[in-house]
4 protein chains.
Amino acid sequence: MKTPEHRSLKEKQRQEREDLILQVAQDVVLEKGYRDTSMDEIAARVGIAKGTLYLHFAKKEDLMFAFFEREMQKFLQAVEQPVSTELSAQAKLESIVSIMHKDHTGKRGNLLYILFNSEDFKITLQQKSLDTLQRISAKVRSYLEEGKARGEFDPAIPTSIMLSSFFSVLSPRAHRQLFQLEEFSHDEVMFFVQKIYFRGIAKPAIVS
Amino acid sequence: MKTPEHRSLKEKQRQEREDLILQVAQDVVLEKGYRDTSMDEIAARVGIAKGTLYLHFAKKEDLMFAFFEREMQKFLQAVEQPVSTELSAQAKLESIVSIMHKDHTGKRGNLLYILFNSEDFKITLQQKSLDTLQRISAKVRSYLEEGKARGEFDPAIPTSIMLSSFFSVLSPRAHRQLFQLEEFSHDEVMFFVQKIYFRGIAKPAIVS
Amino acid sequence: MKTPEHRSLKEKQRQEREDLILQVAQDVVLEKGYRDTSMDEIAARVGIAKGTLYLHFAKKEDLMFAFFEREMQKFLQAVEQPVSTELSAQAKLESIVSIMHKDHTGKRGNLLYILFNSEDFKITLQQKSLDTLQRISAKVRSYLEEGKARGEFDPAIPTSIMLSSFFSVLSPRAHRQLFQLEEFSHDEVMFFVQKIYFRGIAKPAIVS
Amino acid sequence: MKTPEHRSLKEKQRQEREDLILQVAQDVVLEKGYRDTSMDEIAARVGIAKGTLYLHFAKKEDLMFAFFEREMQKFLQAVEQPVSTELSAQAKLESIVSIMHKDHTGKRGNLLYILFNSEDFKITLQQKSLDTLQRISAKVRSYLEEGKARGEFDPAIPTSIMLSSFFSVLSPRAHRQLFQLEEFSHDEVMFFVQKIYFRGIAKPAIVS
DNA sequence: AATGAATGAGCGTTCATTCAT
DNA sequence: TATGAATGAACGCTCATTCAT
């Protein structure tokens, strides 16, 4: 007899397993990269048969994409969280940076980076909607524009270039070597990097 | 009869072929990425047999590494070129940036990026000496220190963090999307990015 | 409480489901062929779990064989239907041809053909009794003999060869290309094919 | 040093191996059918590595198609051999039948039949040109038309239907059971089958 | 030294069959 | 009894590497 309890138990177990698969996949991808991560190895590490993997994800790419999308969605949600309009544009952007760096081990950032740059995965990424990524970009862009309008940021610098620089210099991946060296704490690094970035885009004082 | 001349002639030919192989490998990797570059294709494009490739490089990774190393050496030589000591630290760093971007198509930058991030190659790279990369870093670091000493750059920001930011925000790859969109020219982009970076690390004017 | 009624009710339901499975299997095999018919799809279309399929048929081949056998039985029954003895042998054979072609879409004929020629199924077919097929053959053979005895058919042609020719030229599958082209109607095609066949085996007029 | 002799020796060996592969493939397909013939098994039986198979044929289908096309080409050539115009249409068609039955074991006929009817292979066949098949058909059709014009065959029967019947009743496959039973010799069977067919399509004597 | 045919481990994916529930 | 999640052997195909010539 099927009761809702049964169903939800099954569903819960299924979800747990799916999470485990994604977790293991993440580990392997971090170790070996996208191409060298085989479905065999993921299955073996999870402790299930290869076929079982395919009950959860129809293709290798789907597995990887599931992870990627899940993370990006979390990011998007955090980014689109309503923020007090009284905050400065810089403060709003800093809150986004802090979301990006929430994961202290940097695992997530590394993983997204690997997937984002993987030769094969790029195709999947293009096929599937880039919507989430674009919405994230759009939010950052809107804060940059707002900062310009408010006189915080230099209107002479194109917003696109500010945006591109934002993601390149403030992403967790960019400074992973520093984090590993442990010369500085994660927070210290980010404090200085943000200092550099926000000074860099700041509206220059008027020199008479 | 084997004479030294013979030997060196042979040796010269061998060297030339090796260069050709590396050149071709570069082209193919740029077109297809690391994993989709097959030894077959390299051999075919060079016009030699696949076996001959293996007389020069025992493994695919070795070939790629040789190539990577060669590019880094070129870069290092350019970077270590003596520069007029009268130049500002910023000017010296800008000349390094211009070396990084010398190649307008971004070929070299892309290539190094692909290899540097390539999944299997990472391991090779870690095993082999990172000496060349470190010497390049050291040079940039020395200019940064010099800038601090001269009062150009903010001594409050750790040099390591300046260095890490330098490579993340000023590398050709970082802004490849902008280059592709062709909203801005390559030079425009680099002009603004450098503006951001150097303002970002500049010694702040004393506020009384 | 298990009563005979219960048993037979259950048994009846079981039988109904088995028929449904066979019916569905037929549809899928016709659409996709033997090998591309998966147990998954059959179960899904029937609306039962895959495991349940295996309570009825231990192997895929068994299911297919059951189905094959059922069709052949239907055919045999039709063929063995008593016929007026006054009919000519040719008329009797023509009624068998019309049974073979009864189904205008050629469904049954196609199906038997697919199974009969299907690669893996061949083996099963050989292992299981070919009894039904032989009884059908025997009936046709008896009509051919009868026709010879009556002076309708040429006694100089061995009956085996007439039989073999009967099934090869009069089977629905043989002329499927013609049916598809729709240059001729199904009935037209069969009219002419039978004309060819029966003229071919007819007792020749005595040439003085 | 490469001499023409070397090349041609290599080429000869290659050709021999290719023939061997096709031979083995034929055996396996005859035993197991198209789908159940695995590249692994072919390689194992030939005594080469699986990869080597792919040096000769890029896809499983290509291997099968190579065989199919080769046989059909042979057939076409024989069929298009110039024939004395003085021969009757029937004699011309009989010579085609004798070509079809040249292979006494019937192996070739069976193989072509299996391929021609294989669910997967059909696609390949449709993609590749059906030119050869059509040219063979065209030849037979032209002889049938000729026979009608000459008063040999019945003009009341559509040529398409004669053609379809020709291939269904006169193909080696149609009577394979008879050949196996060895009740009659191959030639006897064909003698009678042709008798049936040609009588069947003959122009009827005028009945006054 | 140079060749390129041959190798075979490895890949992603499928699906008939099993079995704990 | 009925389920459907889990299995794992098998498939077609690729390609870095080897080795007889």
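For the numbers below, each heavy atom of this structure counts, side chains included, while hydrogens, waters and symmetry mates do not. So that the names make sense, note that chain A is the first sequence line, chain B the second, and so on, each numbered from 1.
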Look at the side chain of C/K32 and the backbone N and O of C/S38, then say whether any donor-acceptor pair between them is shorter than 3.5 Å. no
My understanding is that only one of A/L130, A/T132, A/D131 makes a side-chain contact (heavy atoms from CB on, under 4.5 Å) with A/M72; could you say which? A/T132
Toward the 5' end of DNA chain F, by each residue's nearest nucleotide, D/S38 or C/I48: C/I48
Separation of E/dG4 atom P from B/I42 atom CD1, nearest Å, is 17 Å
Under a 4.0 Å heavy-atom cut-off, which of residues 50-57 of chain C touch DNA chain E? C/K50, C/Y54
Send over the distance from B/E41 CD to F/dT14 C1', rounded to a whole Å. 14 Å
Both D/A49 and C/D40 contact DNA chain E. Which one's nearest nucleotide lies toward the 5' end? D/A49
Ion pair B/R70/B/E18, N-O distance below 4.0 Å: no
Identify the heavy atoms of A/Y34 and A/E61 that sit nearest to each other, and give their distance. OH-CG, 3.1 Å
For DNA chain E, what string of dots and brackets results from 5' to 3' when Watson-Crick and G-U pairs need both distances under 3.5 Å, crossing pairs get [ ], and pairs with another strand get |? .||||||||||||||||||||
Please tell me which of the listed nucleotides, E/dA16, F/dG12, F/dT3, lies nearest to the side chain of D/M39? F/dG12
Give one of base, sugar-phosphate or nothing for B/R17, where a contact means two heavy atoms less than 4.0 Å apart. sugar-phosphate
Got a second to check how far C/K50's NZ is from C/T52's OG1, nearest 0.5 Å? 11.5 Å
Identify the heavy atoms of C/I42 and C/A25 that sit nearest to each other, and give their distance. CD1-CB, 4.1 Å
Locate the shortest heavy-atom distance separating A/F116 from A/L133; write the atom from each residue and the value. CE1-CD1, 3.5 Å
Take the protein atom CZ of B/F65 and the nucleotide atom C1' of F/dA16, then report the distance between them rounded to whole Å. 20 Å
C/F65 side chain reached by C/K59 side chain, heavy atoms, under 4.5 Å: no
For the pair made of CG in C/D36 and P in F/dC11, what is the distance, rounded to whole Å? 16 Å
For atom CG of C/L63 and atom C1' of E/dC15, their distance in whole Å: 15 Å
Where is the tightest heavy-atom contact between A/M39 and A/L53, given as atom of each residue plus distance? O-CD2, 3.3 Å
